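Quick notes on the structure that follows.
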Protein chains: 2
Amino acid sequence: MTADKVITVRGDAELVARAGHLFAGARHEFVCAARDLDTWSQPEARRSVARRMPGPGASGLAVKKLFTPVALADEAARAHLREVLTTGVEVRISSTPLPHETIVIDRRVMILAGRDAPGPREYTVATSPTLVNGVYSLFAAAWDAATELTAYLRGDAPNLDDDSRAVLRALGAGYTDETAARHLGLSLRTYRRRVAELMDALEAGSRFQAGLRAGELGLTG
Amino acid sequence: MTADKVITVRGDAELVARAGHLFAGARHEFVCAARDLDTWSQPEARRSVARRMPGPGASGLAVKKLFTPVALADEAARAHLREVLTTGVEVRISSTPLPHETIVIDRRVMILAGRDAPGPREYTVATSPTLVNGVYSLFAAAWDAATELTAYLRGDAPNLDDDSRAVLRALGAGYTDETAARHLGLSLRTYRRRVAELMDALEAGSRFQAGLRAGELGLTG
DNA sequence: CCGGACGTGGCAGCTTGCTGCCACCGCGTT
DNA sequence: AACGCGGTGGCAGCAAGCTGCCACGTCCGG
């Protein structure tokens with residue numbers, strides 16, 4: 001039995017001081033998962049790290065960033081992400097919550113952030129191969145299940161109302177239009193209008209395509 | 001800055017000796033992610049742990065198990081999983097690889113297994129809250145994206161032939177039946193027969209449902 | 001009060017999807 | 001040759017989906 005250490009630091013400044021060199025040391029891959037873009041809220045910490053990071057496009061460094069839809073809340077964030085895309089960074093959106101920020105560098109080091117709380121934020125740095133590989137494979141699973149940012153923005157039916165969701169459920173249940181309409185208290189005409197609107201929103205040319213899109217976007221629940 | 005320890009043990013026996021009490025101490029939740037069912041290959045280790053685990057159904061202990069399709073390879077494994085289901089355990093299948101087994105108990109302890117390798121297997125046990133919470137949220141993301149075992153077994157279209165895939169692509173492309181049939185060199189009648197067969201295979205009552213299923217099962221590529 | 005915008009629903013007519021029936025063809029078996 | 005079998009395709013008819021048109025309400029802002 002052996003015992004490795006994991007380091008816990010409090011606050012961005014200490015993280016930069018203790019682990020900044022890890023960011024600079026990224027050789028092949030830099031992956032991170034986070035809820036939104038607010039991680040490095042302190043500008044000086046962000047700049048400090050950015051200065052040390054190699055250029056994303058250069059040197060064969062693959063950068064993958066996984067966010068939740070929260071990261072697309074305001075237009076500024078969208079613009080930022082679009083810009084990030086142009087530098088060769090892969091960005092995906094996961095429909096499931098990612099409350100704890102996770103960073104894995106070169107599959108050798110990982111940094112996990114504690115939940116937002118009053119006081120300085122806690123970061124935990126670990127290098128145990130088993131630990132890092134385990135986290136990495138979970139990240140990979142979440143990554144694979146997430147959708148490309150561009151696809152997400154394109155096919156996004158941003159906030160379809162409850163009506164549309166009800167229509168979606170009826171369609172997914174396999175009801176015929178007539179029973180679905182009756183079930184929803186709508187006329188056949190209106191129900192079909194709704195379906196047409198939905199298909200329009202999903203940019204689907206057929207009901208099959210609409211189902212496909214709905215499935216891809218995880219609108220089943 | 002503080003330093004927690006993570007414990008690494010080699011082999012099932014040592015894991016049971018060092019961490020067996022953690023299994024017994026599960027109070028609220030026991031989640032694990034693994035590639036297949038071979039984890040506790042050594043029967044004595046499996047039994048030793050099973051003996052210490054509280055009954056899954058009893059005592060409000062929620063048990064979640066996430067596997068890859070590999071876990072369904074042989075009929076014995078399927079039967080075992082079906083039996084497990086009856087004891088109140090939730091089982092889901094993730095289409096992405098999960099090379100490293102992960103266990104999280106009560107969101108307080110986690111155990112990560114190293115990749116299969118010659119010699120005794122390594123297990124890493126950690127209790128750092130930040131670490132455990134981070135891993136847990138990644139697990140949750142993978143879990144949410146996975147499909148229920150029953151749904152997976154039901155909707156499984158094991159090996160549909162190239163023709164069916166072509167039909168699927170035509171449907172996904174949004175072609176009308178006529179153009180799709182022409183495009184595939186089939187008569188309209190036959191094409192529709194194929195579509196009907198496909199919908200039958202997917203147990204879909206409408207084309208929308210078929211699209212949904214196809215999306216869920218990742219048959220788009 | 002009037003007029004317009006908007007959502008709804010009925011009607012009609014068209015397109016598309018769906019399927020039962022039958023006929024045909026190629027193939028291997030008897 | 002005769003037969004059955006499985007895949008194909010035409011035809012017909014029905015069911016379902018789709019949409020333009022118009023009419024009727026409601027809800028404003030004028």
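Keep in mind the model is a prediction, meaning the values are calculated, not measured. Letters A, B, ... mirror the listed sequences (proteins, then strands); counts begin at 1.
For A:Q209 and C:dG17, the CD to P distance is 12 Å, given to the nearest whole Å. Taking atom OH of residue B:Y175 and atom C1' of nucleotide C:dT16, one finds them 18 Å apart after rounding to whole Å. With rounding to whole Å, B:E197 atom CD is found 11 Å from D:dT8 atom C1'. Across the protein-nucleic acid pair, B:F208 atom CZ and D:dC18 atom P stand 11 Å apart, rounded to whole Å. As rounded to whole Å, 13 Å separates atom P of C:dT16 from atom OH of B:Y191. In this structure, CZ of B:R193 is placed 11 Å from C1' of C:dC22, rounded to the nearest angstrom. Look at CG on B:L198: it is 11 Å from P on C:dC18, rounded to the nearest Å. If you measure from atom CZ of A:R207 to atom P of D:dA16, you get 11 Å, rounded to the nearest angstrom.
Put simply, the side chain of A:R92 never gets that close to the backbone of A:L66: no donor and acceptor are under 3.5 Å apart.
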Evaluation steps, side chain to side chain donor-acceptor pair (under 3.5 Å), between B:T179 and B:T176: CA-CA 5 Å; B:T179 60; B:T176 182; 5.3 Å; no
Criterion salt bridge (charged side-chain N to carboxylate O under 4.0 Å, His left out) on B:D177 and B:R189, from CA distance to verdict: CA-CA 9 Å; B:D177 284 13; B:R189 181 69 186 90; over 6 Å; no
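Closest to the A:R194 side chain, of the nucleotides C:dT8, D:dT19, D:dG7, is C:dT8. For A:V195, taking side-chain heavy atoms from C-beta onward, the closest of the listed nucleotides C:dG17, D:dC18, D:dG17 is D:dC18.
OP1 or OP2 of C:dG17 has at least one side-chain nitrogen or oxygen of B:T176 nearer than 4.0 Å.
Below 30°, between 30° and 60°, or above 60°: for A:Y136 and A:F139 the angle between ring planes is between 30° and 60°, a tilted geometry.
The shortest distance between side-chain heavy atoms of B:T124 and B:I111 does not fall below 4.5 Å. Side-chain contact between A:E90 and A:K65: absent, with no pair of heavy atoms (C-beta onward) separated by less than 4.5 Å. Side chains of B:L184 and B:R194 form no contact here, defined as non-hydrogen atoms less than 4.5 Å apart.
Both B:R192 and B:S206 lie near DNA chain D, and the one whose nearest nucleotide falls closer to the 5' end is B:R192.
Within residues 179-190 of chain A, the residues that have a heavy atom under 4.0 Å from DNA chain C are, in order of number, A:S187, A:R189, A:T190.
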